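For reference, the structure discussed in these notes is given below.
Below, read A as the first sequence line, B as the second, and so on, with proteins coming before strands; counting in each chain starts at 1. Just so you know, these numbers come straight off a predicted model, no measurement behind them. Because only heavy atoms are used, hydrogens play no part in the values below, and waters and symmetry mates are left out as well, while side chains stay in.
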Amino acid sequence: MKTIVSTVKGARDFYPQQMAIRNWLYHHITRVSRSYGYEEYDGPFLEKIELYAAKSGEELVKEQAFVFPDRGGELITLRPELTPSLARMVAQKQGELLYPLRWWSFGPFWRYEKPQKGRSREFFQWNIDLIGVDSPEADAELIAICADFFRAVGLAPDQVQVFVNDRQLMDAEFDRLGIPAELKKKALHLIDRREKMSPEAWKAYAAEEGFSDNMLAGLAELLEDKQTWKQSPRLTRVFEILKAAGAVDYVAYEPRIVRGLEYYTGVVFEAKEITKEGRSILGGGHYGNLVSDVGGDPLPGVGFAMGDMMIQVVLEKFGLLPAAGGTPAEILVTVFDESLSPESARLAADLRGAGLNVVTYPDAQKLPRQFKFADKIGVRFVLVVGPDEVMAGTATVKDLSERTQETVAREKVAEYIKTRLAG
RNA sequence: GUGGCUGUAGCUCAAUGGCGGAGCAUCGCACUGUGGAUGCGAGGGUUGUGGGUUCGACCCCCAUCAGCCACCCCA
């Protein structure tokens, strides 16, 4: 026992039960993505560190990426996010791709973080982007995809919400409040920090950063006003579209959402569980230029990313995770004794040929043990082929859930079971 | 990266510094052509790891690892 080598910190074993949940998530992600016409893609899991050097939050690469030298001495990074890879993939074929581009992906990422609930060092992430358009319709489409996904997994609008804001609206409001250009970035940061500090600490912090009392009062007011979006033609349009698309129940304007990543230039959004003001489930927004950092021509887009950990935390809280997997088999074929084991193998093969999932007991153990095993793994039907059945060309089919049993001609067994399964 | 809480059987948890236990689970038997129930029995532990204090450590101290929580940051 003591010699078992533990998993790498922050990495997870996927036992069948967890694997079933991962596949279930993947299934819904696939369906929603495809329903909007998005194509699946993926990038490499390993990238050169330079790819991340210029882009996306300095801290992400410097402090949170797994970086190691390969045997040739080159610094290799386990990808901490997908956007830079996506940017390269688009830039490499910028001229030949057909826009707008609708692409999605679900795969593993690594970040050297301190693991806790809803956060590990190896996680899966859904990335989805609409590239090559700049319209509010595009923003609305991605937000509607969030809403559709939540609906698909059973989350209701009173459980999760997509909170939306527009950085350009904030920018205009900053102008109105007399906040100079050099303070705007700090102002966004200040908004981001508002909920994490007491009002006093927040004010002190703001004063330290160079904000006047007037600006501060204006900012505080801006954060309380849930109607400001009406000043923004873009947000007005986004909400109009979301209403028409039947997604607006899941969406709300929220001035406190500004998002940390600097490449967002327009609409930004973040989904949260609303009952506890929890951590964000997913986040995204509009970026003005995806590919310039990797040498392409300016190309706008909108996208979001959702990690697999937080969504599972939320789904579990609301009892929405699918029931544990168990065996995919419907049938267990017992082995009466060693001499008749080929009969069982033949019957099992026939049933598999008919499209059924069949477990054979791998040993000529006593029948009670085989039945007990069948019960525990959760198959519905147990088949017995003993001397009597072989003589008569039949098989005995016991339905564990109905507690009934019938002896059926061998060639009719598959049909018999299918009928019972359908009924 | 910072601060805090917790590590005892497969799981959930007990055990004043003095013989490490229970429930559930597992396995066996009652029960050689039929599962769940019941009864009886069995196996399972370097008390996360490594040091220290002590006549004696699951218990106290130090370190370390892991999990969780709050920051940081974000998904």
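Nucleotides rC29(B) and rA9(B), compared at atom C1', are 23 Å apart to the nearest Å. Separating the C1' atom of rG50(B) from that of rA66(B) is a span of 15 Å, rounded to the nearest Å. Rounded to whole Å, the separation between the P atoms of rC19(B) and rU53(B) comes to 22 Å. To the nearest whole angstrom, the two C1' atoms, one in rG10(B) and one in rG18(B), are 30 Å apart. When the P atom is compared between rA15(B) and rC72(B), the two are found 37 Å apart, to the nearest whole Å. Comparing the C1' positions of rC31(B) and rG41(B) gives a spacing of 16 Å, expressed to the nearest Å. Spacing between rC74(B) and rG1(B) at atom C1', rounded to whole Å, works out to 15 Å. The gap from the C1' atom of rA70(B) to that of rC13(B) amounts to 26 Å, rounded to the nearest Å.
For R22(A) and F14(A), the positive end sits near the middle of the six-membered ring, less than 6.0 Å away and at most 45° from its axis.
Stacking between F373(A) and rG35(B) is absent: the aromatic ring centre is not both under 5.5 angstrom from the base six-membered ring centre and within 30 degrees in plane angle.
Residue contacts for T407(A): at a heavy-atom cut-off of 4.0 Å it reaches no nucleic acid atom on any strand shown. As judged by a 4.0 angstrom heavy-atom cut-off over every strand, E389(A) is placed among the base-contacting residues. If you check every strand for non-hydrogen atoms under 4.0 Å, A374(A) touches nothing. Among the heavy atoms of the strands, none lies under 4.0 Å from Q370(A). Counting non-hydrogen atoms under 4.0 angstrom, L400(A) reaches a base of the nucleic acid. Nucleic acid contact for K376(A): sugar-phosphate only, since backbone atoms but no base atoms lie under 4.0 Å from a heavy atom of the residue. Here I311(A) lies out of heavy-atom contact (under 4.0 Å) with every strand. Looking at heavy-atom distances under 4.0 Å, G378(A) makes no contact with the nucleic acid at all.
Where T404(A) and F124(A) meet RNA chain B, the nucleotide closest to each residue was compared, and T404(A) sits on the side nearer the 5' end. Place K114(A) and H189(A) on RNA chain B by their nearest nucleotides, and K114(A) ends up nearer the 5' end.
Ring centroid separation for the pair W104(A) and Y41(A) does not come in under the 6.0 Å cut-off.
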Exercise. Verify ring-ring contact (aromatic ring centres under 6.0 Å, His included) between F163(A) and F269(A), making sure each step is shown before the conclusion.
Key: CA-CA 5 Å; F163(A) 295 109; F269(A) 54 93; over 10 Å; no
Practice problem: Could you give me the CA-CA distance, side-chain angles and deciding distance for F336(A) and Q370(A), then say whether side-chain contact (heavy atoms from CB on, under 4.5 Å) is met? | Solution: CA-CA 10 Å; F336(A) 191 82; Q370(A) 299 189 40; over 6 Å; no
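Side-chain contact annotation: T396(A) with T407(A), donor-acceptor N/O pair under 3.5 Å present.
Counting heavy atoms of neighbouring residues, nucleotides and ligands inside a 6.0 Å radius, atom CD of E402(A) exceeds 12 of them. Residue E74(A) qualifies as enclosed at atom CD: its count of foreign heavy atoms under 6.0 Å is above 12.
Considering only side-chain N and O atoms, K366(A) lies under 4.0 angstrom from the phosphate OP1 or OP2 of rC29(B).
Considering R121(A), K9(A), R119(A) in turn, R119(A) is the only one that fulfils the salt bridge (charged side-chain N to carboxylate O under 4.0 Å, His left out) rule with E113(A).
Base-pairing analysis of RNA chain B finds the following stems of at least three consecutive Watson-Crick or G-U pairs, with both pairing distances under 3.5 Å: B:1-7 with B:65-71, B:10-13 with B:21-24, B:26-30 with B:38-42, B:48-52 with B:60-64.
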